[in-house]
Amino acid sequence: MDSTKETSNTYKEDLLLRMGLNDNKAGMEGLDKEKINKIIMGATKGSRFYGNELKKEKQVNQRIENMMQQKARITSQQLREAQLQVDRFAMELEHCRDLSNTIVHVDMDAFYAAVEMRDNPELKDKPIAVGSMSMLSTSNYHARRFGVRAAMPGFIAKRLCPHLIIVPLNFDKYRVVSKQVGICLAPTSICSWVSCRIRSQLQMPRQDWPEERRRYFIKTGNSAENGIAPNTMLAKVCSDKNKPNGQYQILPSRQAVMEFIKDLPIRKVRYVILRRQNFCCF
DNA sequence: ATACATACC
DNA sequence: TACTGGTATGTAT
């Protein structure tokens, strides 16, 4: 039914989504995406990586096609039964809704880059990235203005920003700083989990999260945004609501939670959907 | 049961 | 020249 032109257009869009700039990151608002994508595609075209991505794209389209066919075979009877099942499940979940916890999710902003800038202040007002010509782990906010971001190969980043400074990774250093952050957070929390380098989640009474503790991160050359919510999933999702270095709280009431998730893009909770068995309910 | 694919950072 | 690597999970066969 679709004209070939239309399908090839959406195909191109899919490809751009796959390989082009993902600007869904703090500090990347209002970039000239078209120009940046042109440079990225110019650098990537014809590479082995490109060929591989093309192949994957085709596989995904095939799978979508299969699902559509399956969907077409669903009867209204099956649909009703499924709906009932879902409703029952939702009621069960509602029944065990627990708003008694307070989780603070702390997310260090451009962590590796922040540590490198702390240790070499000359880098502070220059565009830098941490990683290698093959792969970047993160970039600072100056670099993000050029479209340079995490998970981008360094050689492409150099084309976007020729004077970009690429600092090699120092995992040992990040581990040390990460530990310091953990020590700083530990006293007030009932229990906490600090990931190997970037994030941590704490369970704590709300009043034990004073502003001056939050500011600790800024003093050490880092900033951190945090999310406060009745569960880990919401704390994580709402932590990047006020990036960089902001704070967002979802109050522990059913209404506040509902309000927050009402217009939440499903993409944001994908992580939890995949691991939904590890969590209770919203 | 296994390999292969996806998602996260 | 060059498009991570560790981990957890989902899907296809």
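Convention: sequence-line order gives letters A, B, ...; per-chain numbering from 1. Please read all numbers here as calculations on a predicted model, not as lab measurements.
For the side-chain contact (heavy atoms from CB on, under 4.5 Å) test, residues two or more places apart in sequence or in another chain that qualify with Ala256(A) are Ile250(A), Leu251(A), Ser253(A). Take Asp125(A) and apply the side-chain contact (heavy atoms from CB on, under 4.5 Å) test, not counting sequence neighbours, and it matches His142(A). With sequence neighbours left out, Gln62(A) forms a side-chain contact (heavy atoms from CB on, under 4.5 Å) with Glu65(A), Asn66(A).
The number of heavy-atom neighbours closer than 6.0 Å to CE of Met67(A), taken from other residues, nucleotides and ligands shown, is above 12. The local environment of CD in Gln78(A) is crowded, with over 12 non-hydrogen atoms from other residues, nucleotides or ligands closer than 6.0 Å. For CE of Met258(A), the number of neighbouring non-hydrogen atoms (other residues, nucleotides, ligands) closer than 6.0 Å is greater than 12.
Considering all non-hydrogen atoms of both residues, Ser100(A) and Asp98(A) come closest at OG-OD1, 2.6 Å. The heavy-atom pair separating Tyr141(A) from Ala26(A) by the smallest distance is OH-CB, 3.3 Å.
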If you restrict it to nitrogen or oxygen atoms, what contacts under 3.5 Å exist between nucleotides 3-5 of chain B and the protein, and what is each distance?
{"from": "dA5(B)", "atom 1": "OP1", "to": "Gln59(A)", "atom 2": "NE2", "distance (Å)": "3.1"}

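Regarding Lys25(A), its NZ atom lies at a distance of 12 Å from the P atom of dC8(B), rounded to whole Å. Between Leu169(A) atom CG and dC9(B) atom C1' the separation is 13 Å, expressed in whole Å. The interatomic distance linking Phe171(A) (CZ) with dG5(C) (P) rounds to 10 Å, in whole Å. Across the protein-nucleic acid pair, Glu53(A) atom CD and dT4(C) atom C1' stand 13 Å apart, rounded to whole Å. Remark: C1' of dG5(C) and CG of Leu136(A) are 15 Å apart, rounded to the nearest angstrom. In this entry the distance linking CE of Met67(A) with P of dG10(C) reads 15 Å, nearest Å. Counting to the nearest Å, the C1' atom of dA7(B) and the CG atom of Asn22(A) are 13 Å from each other. To the nearest angstrom, C1' of dT4(C) lies 16 Å from CE of Met133(A).
Of the two residues contacting DNA chain C, namely Ser137(A) and Asn66(A), the nearest-nucleotide position lying further toward the 5' end is that of Ser137(A).
Taking atom P on both dA2(C) and dA7(B), the two are 26 Å apart, rounded to the nearest angstrom.
For the side-chain hydrogen bond (donor to acceptor under 3.5 Å, both in side chains) condition, no pair includes a residue of residues 148-167 of chain A, sequence neighbours left out.
Listed by residue number, the members of residues 142-159 of chain A with any heavy atom below 4.0 angstrom from DNA chain B form an empty set.
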